[in-house]
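Inspection log for the structure reproduced underneath, given as structure tokens.
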Amino acid sequence: MADVTQATGFKRVQVLFREGRIEEGTLLLKALQDEYIALCDENSTLKRQLTEVADVLDLAQNVAYDGQKYWLEDGNERKGPFCQLCYDREGLLIHLQPHGKHWECQSCKSLFMTTKKETHAERKRVSPQFPLVLGHELG
Ligand SMILES: [Zn+2]
């Protein structure tokens, strides 16, 4: 109940000043000020943590799994793909890099097969349910 303590403290400061006990009042005021600054710091830390949690929840709602990799759906935009292993293991969205007929994760070195629709110009317009191209991955 920090605010109750502070309210009591401020009243006490008022009394001290009224009684002419300036030095005591000043010391108490200084202590209250320090306490207030600490509370402000704590408050902004909590706010930041709350925002981070909200971002993670928001992110989780927009992450789509295509059977191999993850994609981030942001309105009409589709970003990715991202590594399935890294996201499942660490909660990190690691961009996959085109590597021949595969997508490669630079972090864990996993390879994911590239589907026909993901190649070249069509990469930006992948439909949510594109078929996987199996076999013939080595060339
Ligand atoms: Zn990875």
Side-chain angles (χ1 to χ4, degrees):
M1 302 292 266
D3 39 296
V4 173
T5 318
Q6 282 184 347
T8 318
F10 282 119
K11 265 180 207 157
R12 179 91 185 115
V13 169
Q14 210 174 29
V15 171
L16 287 171
F17 281 134
R18 205 179 292 146
E19 291 174 353
R21 295 155 75 181
I22 308 300
E23 210 169 308
E24 275 178 80
T26 308
L27 282 174
L28 183 54
L29 199 55
K30 179 76 177 74
L32 285 167
Q33 191 181 38
D34 291 346
E35 200 180 303
Y36 179 77
I37 290 168
L39 279 173
C40 287
D41 288 348
E42 190 189 355
N43 191 36
S44 49
T45 304
L46 289 172
K47 275 185 186 168
R48 202 170 49 241
Q49 286 172 349
L50 202 60
T51 309
E52 281 170 14
V53 170
D55 285 349
V56 168
L57 288 176
D58 194 43
L59 186 71
Q61 279 188 333
N62 293 314
V63 171
Y65 185 56
D66 72 3
Q68 281 199 96
K69 315 170 292 296
Y70 285 109
W71 297 82
L72 194 57
E73 282 160 356
D74 185 13
N76 297 329
E77 230 188 320
R78 191 174 161 95
K79 294 170 192 163
F82 302 95
C83 179
Q84 176 253 319
L85 286 172
C86 286
Y87 186 68
D88 288 357
R89 215 183 279 160
E90 327 262 354
L92 297 174
L93 287 174
I94 308 289
H95 264 289
L96 296 174
Q97 308 294 323
H99 181 68
K101 288 182 176 177
H102 291 88
W103 292 102
E104 185 184 21
C105 175
Q106 307 267 294
S107 176
C108 71
K109 305 293 170 197
S110 289
L111 288 176
F112 300 88
M113 217 176 288
T114 309
T115 65
K116 207 181 234 174
K117 285 194 173 186
E118 286 167 12
T119 54
H120 309 297
E122 285 196 61
R123 194 173 291 163
K124 277 184 180 173
R125 303 179 51 191
V126 180
S127 76
Q129 293 187 323
F130 51 85
L132 295 176
V133 179
L134 299 170
H136 307 292
E137 74 267 32
L138 299 172

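The chain is numbered in sequence order, starting from 1.
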Decide yes or no for Asp66 and Thr115: does some side-chain heavy atom of the first lie under 4.5 Å from some side-chain heavy atom of the second? no
- Honestly curious: do Ile22 and Leu16 fall in one hydrophobic cluster under the side-chain, below-4.5 Å linking rule? yes
For Lys109 and Gln106, the nearest pair of non-hydrogen atoms, with its separation, is NZ-O, 3.4 Å
Original post:
Taking side chain as C-beta onward, heavy atoms only, is Glu42 less than 4.5 Å from Leu39?
Top reply: yes
query = If we only count heavy atoms from C-beta on, is the Leu85 to Ile94 side-chain gap below 4.5 Å?
reply = no
| message | Hydrophobic clustering (ILVMFWY, side-chain heavy atoms < 4.5 Å, transitive) - are Val63 and Trp71 grouped together? | response | no
Interatomic distance, CG@Asn62 vs CD@Glu77, rounded to 0.5 Å, equals 11.5 Å
*Taking the side chain as C-beta and beyond, is there a heavy-atom pair between Cys83 and Ser107 under 4.5 Å?*
no
In this structure, CG of Leu46 is separated from CG of Asp41 (nearest 0.5 Å) by 11.0 Å
Does Phe17 reach the side chain of Thr26, with side-chain heavy atoms less than 4.5 Å apart? yes
Are the side chains of Asp34 and Lys30 in contact, using a 4.5 Å heavy-atom criterion? yes
For Thr51 and Lys47, the nearest pair of non-hydrogen atoms, with its separation, is OG1-O, 2.8 Å
Item to complete: Flag yes if more than 12 heavy atoms outside Tyr65 fall under 6.0 Å of its OH atom; otherwise flag no.
Response: yes
* May I ask you to decide if Met113's main-chain N or O and Gln68's side chain share a donor-acceptor pair within less than 3.5 Å? => yes
To the nearest 0.5 Å, atom CG of Leu29 lies from atom CZ of Arg12 at 13.5 Å
>> Using a 6.0 Å cut-off, check whether atom CD of Glu19 has over 12 heavy atoms from anything other than its own residue.
In response: yes
When Tyr87, Phe82, Trp103 are each screened for ring-ring contact (aromatic ring centres under 6.0 Å, His included) with Tyr70, the one that passes is Tyr87
Looking only at heavy atoms, the pair that brings Cys108 and Cys105 closest together is N-SG, 3.3 Å
CG of Asp55 to CG of Leu50, rounded to nearest 0.5 Å, is 10.0 Å
Rounded to the nearest 0.5 angstrom, the CZ-CD distance for Arg89 and Gln84 is 9.0 Å
- Message: Do Leu96 and Leu111 sit in one hydrophobic cluster, given that two such residues count as connected whenever their side-chain heavy atoms are within less than 4.5 Å of each other, even indirectly?
- Response: no
Indicate yes or no: at least one non-hydrogen side-chain atom of Arg78 is less than 4.5 angstrom from one of Glu73.
-> yes
